[in-house]
Amino acid sequence: MNISALPDLFDAVKARRIVLKIGSSLLVESNGEARREWLSGFVAEIAAMTRSGQQVIVVSSGAIALGGALLDRTANPRRTLAAAQASASVGQIALAGLWSDKFAAHGLTAGQMLLTLDDLEDRRRYLNASATLAHLIEAGVIPVVNENDSVATEEIRFGDNDRLAARVAQAAGADAVILLSDVDGLYDRPPGDDGAQLVDTVDGIDSKILAMARPGSGSGLGSGGMVSKLQAAQIAERAGIALAIINGTCDAPLAHASGTGRGTLFLPQRSDTARKAWLGGRLAPSGTLRVDSGCEAALRSGASLLAAGVVGVSGSFARGDLVTITTMKGTKLAQGLAEYSSHECQAIAGKREEQQADALGYAPRPTVIHRDHMVLL
Ligand code: GLU
């Protein structure tokens, strides 16, 4: 039943529910024209997948690239946030129209969902988005999701649809994500270099894999690049979701990937409970707690975070906010919901329970972050 190779993603039993993320450079020419023919072929492939019993969710980029050209062909639509937002506003309506028309030609209905980072960071709104996705899928609709770029501000943006696709996959309870890109997948060194090898399977992202990604994307039209794809893969692997990067530039890219198996497949590593998966995928922590090595070992073996192990507090957070836990070296170790504000954490950092009441002026809580509200990264 488990997904172990790329062609498994096209098997309705192994990957019943699947998110397909399409990058800007596949949908929009560099002159700003929509790539209608490519899209027609691609939508025909999706229609075939749905006939075989797969449930498909589309995460589509392209609003900024499409709208930018409609507004001013000569200027870079991403030159300022305001310009990108205006471009997205014009482009999104065109993009939604394209998808809707192409699906209608196959008797399929598309439903648009525009999400911001906050919609998926906040638990209540996340559950709400999740319920809408479930309802659309049950009704046989193909959800077409994008970031709500025309309202999202810099601080609360995903900025790339790779991580959005991984978060949508979590919210939808999907089995797999395919990121369609303009490269074949992850290479062990810059793809132009002599002897660069495509990595076909990644069984757990480690520092060696992370070092293979360099910032920036090939086409310049989107904002993704390999760094955000690996971040998406990390969100997915912790949530028990398989993720693949494939090249979308050819005609019928899905048939090509399923036939040749070419691409990079990231195997799922854990299957956290739904709530822990949501917590682990959250992207906007309000602060950081640095812990000593004894505490690090305790957390790795499943313990809660106690004040005695905290050696540093940074950022400003309130009780209940998301914070990152780092090692002495500054490596991210875990994230979770703080039981104390940053101010209180400063007062009790390094102190044993019996010393904490004095520092706080009231009886301390047993943990700084309880294991039930914490996820190892
Ligand atoms: N949401 C952006 C758009 O529709 C694309 C983000 C990305 O490039 O991943 O244009």
Side-chain angles (χ1 to χ4, degrees), residues 19-35 38-39 42 57-73 75-100 102 110 112-120 129 143-169 177-183 213 215-236 243-249 283:
V19 173
L20 304 178
K21 181 261 170 177
I22 301 93
S24 300
S25 63
L26 298 177
L27 285 165
V28 188
E29 300 285 2
S30 53
N31 66 4
E33 293 292 329
R35 299 185 64 217
W38 179 89
L39 185 58
F42 182 62
I57 297 163
V58 169
V59 173
S60 173
S61 302
I64 297 175
L66 213 50
L70 290 169
L71 280 180
D72 179 355
R73 219 170 263 279
N76 175 0
R78 294 180 195 264
R79 63 194 178 279
T80 61
L81 180 62
Q85 294 192 304
S87 300
S89 161
V90 172
Q92 183 59 39
I93 200 165
L95 186 65
L98 276 173
W99 283 107
S100 168
K102 299 291 180 194
Q112 174 176 262
M113 274 183 82
L114 298 178
L115 298 169
T116 60
L117 182 66
D118 263 8
D119 290 327
L120 301 178
V144 178
V145 183
N146 195 0
E147 183 162 15
N148 197 352
D149 290 308
S150 52
V151 298
T153 62
E154 205 74 82
E155 308 78 61
I156 58 144
R157 290 187 82 213
F158 278 99
D160 64 84
N161 276 1
D162 299 317
R163 291 175 303 160
L164 175 66
R167 287 294 260 162
V168 164
V177 180
I178 298 180
L179 305 176
L180 285 100
S181 171
D182 52 8
V183 292
S217 81
S219 68
L221 274 182
S223 57
M226 202 44 77
V227 172
S228 67
K229 288 180 178 51
L230 288 187
Q231 289 168 339
Q234 284 182 308
I235 295 172
L243 182 141
I245 303 170
I246 65 167
N247 194 326
T249 52
L283 296 167

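When a ligand or atom number is given, it counts from 1 through the structure's own listing order.
The shortest N or O to N or O distance between Leu95 and ligand 1 is not below 3.5 Å. Among the atoms of Ala65, none of the N or O lies under 3.5 angstrom from an N or O of ligand 1. Of the N or O atoms in Asn161, one or more lie within a sub-3.5 Å distance of an N or O in ligand 1. Close N/O approach between Asp162 and ligand 1 is not found [any backbone or side-chain N/O within under 3.5 Å]. Taking distance alone, with nitrogen or oxygen atoms compared against 3.5 Å, Gly62 approaches ligand 1 more closely than that limit. In terms of polar-atom proximity, defined here as any N/O pair under 3.5 Å, Lys21 makes no such contact with ligand 1.
Annotation: side chain of Leu95 is not in contact with side chain of Val144 (no heavy-atom distance under 4.5 Å). At a threshold of 4.5 Å between non-hydrogen side-chain atoms, the residues Leu27 and Leu98 do not count as touching.
A donor-acceptor pair is defined here as one N or O able to donate and one able to accept, closer than 3.5 Å; no such pair exists between the side chain of Asn146 and the backbone of Leu114. Remark: side-chain polar atoms of Ser87 are paired, donor with acceptor, to backbone N or O of Ala83 under 3.5 angstrom.
Residue-ligand proximity, Asp149 to ligand 1, at heavy-atom distances under 4.0 Å covers atoms 1 (N), 2 (C), 3 (C), 4 (O). Those atoms of ligand 1 with a heavy atom of Arg78 less than 4.0 angstrom away are 8 (O).
Residue Ala88 places every heavy atom at 4.0 Å or more from ligand 1.
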> Does the pair Arg167 and Leu115 meet the rule for a side chain to side chain contact (heavy atoms under 4.5 Å, CB included), with working shown?
Replying inline: CA-CA 11 Å; Arg167 287 294 260 162; Leu115 298 169; over 6 Å; no
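Of the N and O atoms on the side chains of Asn247 and Thr249, at least one donor lies less than 3.5 Å from an acceptor on the other residue.
Looking at every heavy atom in both residues, Leu117 comes nearest to Glu147 through N-OE2, 4.4 Å.
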